[in-house]
Amino acid sequence: MQSCLPSLIRATWRGRAVQSILLSAVALSGSANAGEALLRNLNSAYVQAGAGDDVASATIGVTWDLPWRHENDWGLWEGYLDFSLGRWRISRGAAWSGRHEVTQVGVTPVIRLRPRGWSHFFFEAGIGANWIFPIYGNGSRRFSTEFNFGDHLALGWQFGAAGEQEVTLRLQHFSNAGIKHPNPGENFVQLRYAYRF
């Protein structure tokens, strides 16, 4: 228990730092009601679990629908903004430099397609910015930056009396897009459960 305490303190401090950044952004927006509007427009919360090569992830997050919709022959196109906070656990034998856990904080704009005639199913794709700290290393693969992009493709199913629940199977890739080397990237298969408000 004592050996976990320093990492818990660091994770809590970083969580407060992220919270402070978000609150500062709201304060600087120039609107006294910006924070209230931000919370009022919150659309869903989710939990997510994933697995990669010698690494597992657990993520929580919230989403806001974007004020953009388009309908064409393919179906209904929509967008949302995804804020995530995740923890990656590296297998004991694979950890680089003795670090077996890293934290991931991300923001991702996502495009979703609800195909015509498939009212409960959807496809989506997104590319966003992520901060992964400390620098991730797994076996011979080691990231060179804390900043990385996260892109995903997903297939989902919406259900419930009012369509308020979603289950999504996602393929996600994290890398820094060659900003600095080495840049081996990490891939996850993820399962997400979301509840829409």
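What you see below is based on every heavy atom in this structure, not just the backbone, and it leaves out hydrogens, waters and symmetry mates. Just so it is clear, the model here is predicted, and its values are computed rather than measured.
Within 6.0 Å of the CH2 atom in Trp68, the count of heavy atoms belonging to other residues, nucleotides or ligands exceeds 12. Atom CD1 of Ile179 has more than 12 neighbouring heavy atoms from other residues, nucleotides or ligands inside a 6.0 Å radius.
The aromatic rings of Tyr193 and Phe159 sit tilted relative to each other, their planes meeting at an angle between 30° and 60°.
For the side-chain hydrogen bond (donor to acceptor under 3.5 Å, both in side chains) criterion with Gln172, the lone passing option out of Gln190, Glu186, His152 is Gln190.
Arg141 places a side-chain N or O within donor-acceptor distance of the main-chain N or O of Asp53, the cut-off being under 3.5 Å.
A salt bridge is defined here as a Lys NZ or Arg NE, NH1 or NH2 lying under 4.0 Å from an Asp or Glu carboxylate O, and Glu101 with Arg89 meets this definition.
For Phe147 and Phe149, the distance between ring centers is under 6.0 angstrom. In summary, the aromatic rings of Trp88 and Phe188 are positioned with their centroids under 6.0 Å apart.
Side-chain contact between His70 and Glu78 is absent, with no heavy-atom pair separated by less than 4.5 Å. Ser44 places none of its side-chain heavy atoms less than 4.5 Å from the side chain of Glu166. Considering only heavy atoms from C-beta on, Thr103 comes within 4.5 Å of Leu85 through its side chain. Residues Thr63 and Phe83 have side chains not in contact (no heavy-atom distance under 4.5 Å, counting atoms from C-beta outward).
Under the side chain to side chain donor-acceptor pair (under 3.5 Å) criterion, Asn72 pairs with Trp77, not counting sequence neighbours.
For the residue pair Asn176 / Asn148, no side-chain donor-acceptor distance below 3.5 Å is found, with atom types taken as modelled. Inspection of the His173 and Asp151 side chains reveals no N or O donor paired with an N or O acceptor under 3.5 Å.
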